[in-house]
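All remarks here apply to the structure that follows.
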Amino acid sequence: MEGMLCFFIISYQEGHDMSGKVFIFPKESNYAHVSLITQLEKPLQNFTVCLRAYTDLSRTYSLFSYSTQTKSNEMVIFKTKIGEYNFIIGGDNIFFKVYEPFPAPVHICASWESSSGIAEFWVNGKPLVRKGLRQGYSLGARPKIVVGQEQDSYGGKFDKCQSFVGEIGDLYMWDSVLSQEDIQLVYEGIYIKPNVLDWQALNYKMQGYVVTKPHTWS
Ligand SMILES: *[C@@H]1O[C@H](CO)[C@@H](O)[C@H](O)[C@H]1NC(C)=O
């Protein structure tokens, strides 16, 4: 029984300091992923997610997948193609366009505020044109959060064609909308203590072919 579990669960880490490190998803698959574990017991009215990614994929891929028992696409950050991001809240979509070099490491932050519905998207510290959706909605609690794959069910049903191949690091999530000043600081690598997901005290489960290594970007 234990042997079986060990076969499927490669690594479980609690409060692990990932600073200076990345998850490498070295190979396309419909399985390799990291589950990020958080104690989120109440619905979320406001949030910000930031992360760095480095990939040379030009197809669609998922950067961040947040599902609940009732909605697999409760919140998703997708890259649809070079120069375009898709941000999903409560199953609804908006798109953000950006001029960007390819391939290059990128720092992104996405935030959303329930009361206005306004979504902000920042690429390398620069704000993209703001859009709005799902005003008055709240993200469901007790999510399953996955990087490396996109969930089409609560914690599973992955699609190889939406998988991430490349490197992900510096992932943080707050239950508030960060100010422009704070986004700049986070982009510069300054630590702003998050209360949902903290790269410097990360609870995660790595499954399939995923490797942690020091990052090579600066
Ligand atoms: C969410 O943001 C709004 C507007 O900024 C604020 O009024 C509200 O208190 C926030 N909600 C929570 C739970 O922090």
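First listed ligand is number 1; within each ligand, the first listed atom is number 1. Excluded from the calculations below are hydrogen atoms, water molecules and symmetry mates; all remaining heavy atoms, backbone and side chain alike, are included.
Of the candidates Ser67, Ser35, Ser62, Ser67 is the only one forming a side-chain hydrogen bond (donor to acceptor under 3.5 Å, both in side chains) with Gln151.
Considering both main-chain and side-chain atoms, Gln45 comes within under 3.5 Å of ligand 1 through a nitrogen or oxygen pair.
For atom 9 (O) of ligand 1, the protein comes within 4.0 Å by no heavy atom at all. Protein heavy atoms come within 4.0 Å of atom 2 (O) of ligand 1.
Note: Phe96 and Tyr85 fail the aromatic proximity criterion, with ring centroids not under 6.0 Å apart.
Pairs passing the side chain to side chain donor-acceptor pair (under 3.5 Å) check and including a residue from residues 42-56, sequence neighbours excluded, read Arg52-Asp170.
Close approach of ligand 1 to Asn46 is summarised as follows: ligand atoms under 4.0 Å from at least one heavy atom of the residue are 1 (C), 2 (O), 3 (C), 8 (C), 10 (C), 11 (N), 12 (C), 14 (O). Listed by number with element, the atoms of ligand 1 under 4.0 Å from a non-hydrogen atom of Ser115 are 4 (C).
Of all protein heavy atoms, the one lying nearest to atom 5 (O) of ligand 1 is Glu113 OE2, 3.1 Å.
Using a distance-only test at 3.5 Å, with no hydrogens or angles considered, no donor-acceptor pair links the side chain of Trp112 to the main chain of Arg134.
For the residue pair Ser111/Arg130, the side-chain donor-acceptor check at 3.5 Å is not satisfied.
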